[in-house]
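Have a look at the structure below, then the notes.
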Amino acid sequence: MDSEAGSGTASLGFVVFPTRIGHCAIVWRHGGAVVGSTLPQGGADQVRGAVRRWYEGAVEAEPPAAVAAAVDRVTGLLGDGGEAEDAPTARIELDMTAVPDFDRRVYDVVRQIPPGQTLTYGEVATRLGAPGSAQAVGQALGRNPFPPIVPCHRVLAAGGKIGGFSARGGASAKRRMLEREGALVEEPTLFDL
């Protein structure tokens, strides 16, 4: 691993790490603010390739302390589905300077959903003070550059249905993540399979 990203001579660093559901990555800017993360993409090399496509010039490096702590939090979340009360993923510092204002507001609401609980797209829209914008909420979550730190998997369609999920594995990956957290979701019908 190159240590330049951690020391500030490169603008973006990233680390790939194993979790119970597969290899993930966190990308950071000098100083340790997270600018992106990814769920599994099929394997460690696929995750590296995705990060290099999405974050031009990012260098794989030893993470600074804040990012190492974020890795531990994400690994725990994806391992047993829980979060330490004193170290939830909601406390990971995110650099949202490139995120549109509406999306940022959506992510702020979604980051407050604890493991094992869910909201619907409509409920997120209402909490934003923008009832009727459930579709826009779904689109913002589809662009989420911070999964699972911004836990978009905890947002369901109306009636508690799984809805869409843009990560590898789609709706079944979302269902597995929710089950791991202890969230009860509606069982699929023959037409959902």
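Everything numeric in this text was worked out from a predicted model, so none of it was measured.
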Is the shortest side-chain heavy-atom distance between Asp108 and Met96 below 4.5 Å? yes

Reported NZ-to-CD1 distance for the pair Lys174 and Ile162, which is rounded to 0.5 angstrom: 6.0 Å

Could you tell me whether a side-chain N or O of Arg73 sits under 3.5 Å from a main-chain N or O of Thr89, the two making a donor and an acceptor? no

Could you pull out the closest heavy-atom pair between Leu78 and Met177, with the gap in Å? CD2-CE, 3.8 Å

Contact between Val155 and Val106 at the side-chain level, heavy atoms closer than 4.5 Å - yes or no? no

Where Arg105 and Leu128 come nearest, the two heavy atoms and their spacing: NH2-O, 2.8 Å

Please name all residues satisfying side chain to side chain donor-acceptor pair (under 3.5 Å) with Ser37, sequence neighbours left out, ordered by chain then number. none

Minimum heavy-atom separation for Ala125 to Ala134, with atom names? CB-N, 3.9 Å

Quick one, Val15 and Glu60 - any side-chain contact, counting heavy atoms below 4.5 Å? no

Would a 4.5 Å heavy-atom cut-off, applied to side chains only, mark Trp54 and Val27 as touching? no

Side-chain heavy-atom pair Leu94, Tyr107 within 4.5 angstrom cut-off: no

Compare all side-chain heavy atoms of Val110 with those of Pro151 and state whether any distance is below 4.5 angstrom. yes

Apply side chain to side chain donor-acceptor pair (under 3.5 Å) to Arg52 and list each qualifying residue two or more places apart in sequence or on a separate chain. none

Nearest 0.5 Å, please: how far is CD1 in Ile26 from CD1 in Ile149? 4.5 Å

Minimal non-hydrogen separation, Leu77 against Arg154, with atom names: CD1-NH2, 3.3 Å

Among residues two or more places apart or on two chains, list those pairs meeting side chain to side chain donor-acceptor pair (under 3.5 Å) that have a residue in residues 133-151. Asp103-Arg143

Would Val99 and Phe146 count as a side-chain contact (heavy atoms from CB on, under 4.5 Å) here? Give the steps. CA-CA 11 Å; Val99 175; Phe146 306 106; 4.0 Å; yes

Identify the heavy atoms of Gly43 and His23 that sit nearest to each other, and give their distance. C-CB, 4.2 Å

Measure the CG-NE2 distance between Asp95 and His30 for me, rounded to the nearest 0.5 Å. 13.0 Å

Please answer whether the main-chain N or O of Gly79 pairs with a side-chain N or O of Arg180 as donor and acceptor at a distance below 3.5 Å. yes

Given 3.5 Å as the limit, does a donor-acceptor pair link the side chain of Glu93 with the main chain of Arg91, or not? no

Measuring from Ile113:CD1 to Arg127:CZ, what's the distance to the nearest 0.5 Å? 7.0 Å

With distance as the sole test, does Arg48 use its side chain to make a donor-acceptor pair with the main-chain N or O of Val16 at under 3.5 Å? no

Between Pro148 and His153, the two heavy atoms sitting closest are CB-CE1, 4.3 Å

